[in-house]
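The model shown is predicted, which means the values in this text are computed figures rather than measured ones. Throughout, numbering of the chain's residues begins at 1 and tracks the sequence.
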Amino acid sequence: MANRQHLFRYLLVVYVALAALVVGALAGEVLLRVERSNAYQLARPFREKNVFTSRKLRMGTPDSLWLKRWERYKPSSRVSTPTHGVRTNSFGYRTSEFTVEKLPGQIRVLCIGGSTTFQGSRNHLTYPALLEGLLAERYPGRDIEVLNLGISGTNSEYWLKDDEDSRLPGRLRIDRLLELDPDLVIQYNGANDIVGRYVGRYGDKPLRHGALMESSLLARRLVHIDRSAFEAAFTEALGHFSEIRRRFAERGVDYLVGTFARPDYDRAPADFQAYLDLTTEEWTRGGLRYFGEYAYLLDRFNQRLLSWAQSHGVEPVRIDKAVTEPELFIDICHLSDRGIEGMAEAFESPVTEVLESRANLLADSIGPAV
């Protein structure tokens with residue numbers, strides 16, 4: 001009898017504990033969903049103004065511009081609204097018209113990357129266009145051409161893939177860049193590698209074992225990413241940078257990389273913080289729940305990139321230090337026009353140093369130096 005009473009009390013305690021756990025979990029889930037609803041309300045104005053997310057201002061990756069989504073834009077296309085405009089040239093890039101063969105005495109700089117190279121409310125307000133203007137002011141009369149070859153959604157591997165438009169075996173997309181005979185190439189990649197490529201591989205895998213776990217905000221709060229797993233991802237991405245650098249070096253082309261910028265979350269107002277968290281979760285399809293997780297991974301990526309640059313003799317441009325104010329961003333990685341100006345200004349001095357270090361490059365270009 002005593003044993004039965006003891007067992008009954010034990011089972012009762014277990015039952016009460018489980019019931020309390022279930023009630024607590026349900027309460028936590030409800031609170032998180034209320035928090036999520038409030039966050040959506042706070043974030044709505046930012047979502048509606050952001051050209052990369054707004055249904056009305058879908059300018060960053062407009063469907064009408066794509067020849068092949070996330071790979072190539074249609075040549076000579078245009079999309080515009082009262083506040084934004086995108087125009088591609090005859091090669092399908094958001095930049096001025098150019099010839100494959102450089103003009104005599106011309107200095108050519110290529111800017112490659114994803115939407116954060118493509119970005120800008122107008123073509124003349126992208127960072128490559130602004131950088132070209134800054135160099136023109138510094139070197140009046142010189143023929144310095146800065147081309148924006150950014151394509152939304154692309155990561156560090158894009159230019160190392162097979163050139164689908166070529167019939168030549170073994171030809172890569174990077175060969176298109178080499179054909180343009182650049183003097184300098186600037187690469188700005190980071191977010192697309194982390195968000196678009198590696199979170200799906202190394203993110204919250206325990207959450208993918210069932211629909212209930214995937215839909216539970218509480219589960220996502222409790223289960224965290226394995227940060228150490230991303231070190232392999234960063235090694236792979238830096239391998240892409242190494243191969244790109246090697247191919248340019250073989251042709252005597254200088255190469256710069258920019259560390260990747262993010263907003264300072266702690267200095268952002270609460271409504272923008274809510275938007276950063278929601279954007280992080282949506283763009284990673286739940287792989288990352290909060291902006292802080294993305295910020296950690298990006299900061300680690302930048303640390304690895306700086307170490308790589310030092311060991312490979314590549315000049316790193318600290319965009320992550322030059323552009324940090326929350327008001328310079330429109331989401332976790334894209335910049336406002338003011339932010340893009342800051343990005344162009346950060347690239348100006350390193351680009352100038354590279355061009356002036358090349359023997360007779362500026363001296364031989366068109367027009368006298370002033």
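Within a 6.0 Å radius of CZ in Arg78, no more than 12 heavy atoms belonging to other residues, nucleotides or ligands are found. The environment of Gln310 atom CD is sparse: at most 12 non-hydrogen atoms of other residues, nucleotides or ligands sit within 6.0 angstrom.
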Problem set entry | CA sep, side-chain torsions, deciding dist, call: Asn189, Ser156, side-chain hydrogen bond (donor to acceptor under 3.5 Å, both in side chains) | CA-CA 6 Å; Asn189 278 110; Ser156 61; 6.0 Å; no
For this session: Using the side-chain hydrogen bond (donor to acceptor under 3.5 Å, both in side chains) rule, take Glu327 and Ser336 through it: C-alpha gap first, then chi angles, then the decisive distance, then the call.
Result: CA-CA 8 Å; Glu327 59 265 28; Ser336 66; over 6 Å; no
Problem set entry | Derivation of the side-chain contact (heavy atoms from CB on, under 4.5 Å) call for Tyr275 and Asp331 | CA-CA 7 Å; Tyr275 180 56; Asp331 53 44; 3.9 Å; yes
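Under a cutoff of 6.0 Å and an axis angle of 45°, Arg94 and Tyr73 do not form a cation-pi pair.
A distance of 6.0 Å or more separates the ring centres of Tyr198 and Phe230. Proximity of the aromatic rings of Phe91 and Phe98 is defined here by a centroid distance below 6.0 angstrom, and this criterion is met. Separation of the Tyr188 and Phe260 ring centroids falls under the 6.0 Å cut-off.
A search for side-chain hydrogen bond (donor to acceptor under 3.5 Å, both in side chains) contacts involving Arg262 returns Asp299, not counting sequence neighbours. Listed by chain and number, the residues in a side-chain hydrogen bond (donor to acceptor under 3.5 Å, both in side chains) with Arg300 are Glu231, Gln303 (sequence neighbours excluded). When the side-chain hydrogen bond (donor to acceptor under 3.5 Å, both in side chains) test is applied to Thr235, the partners found at least two apart in sequence or on another chain are Arg304. For Lys102, the side chain to side chain contact (heavy atoms under 4.5 Å, CB included) partners are Gln106, Arg108, Asp181, Asp183, not counting sequence neighbours. By the side-chain hydrogen bond (donor to acceptor under 3.5 Å, both in side chains) test, Thr88 pairs with no residue at all, sequence neighbours left out.
For the pair Leu305/Pro316, no side-chain contact is recorded, criterion being any heavy-atom separation below 4.5 Å from C-beta on.
Classification of the Tyr265-Phe291 ring pair by plane angle, with boundaries at 30° and 60°, yields parallel.
Listed by first and then second residue, the salt bridge (charged side-chain N to carboxylate O under 4.0 Å, His left out) pairs that reach into residues 246-256 are Glu243-Arg246, Glu243-Arg247, Arg246-Glu250, Asp254-Arg358, sequence neighbours excluded.
A side-chain donor-acceptor contact under 3.5 Å links Thr259 and Asp320.
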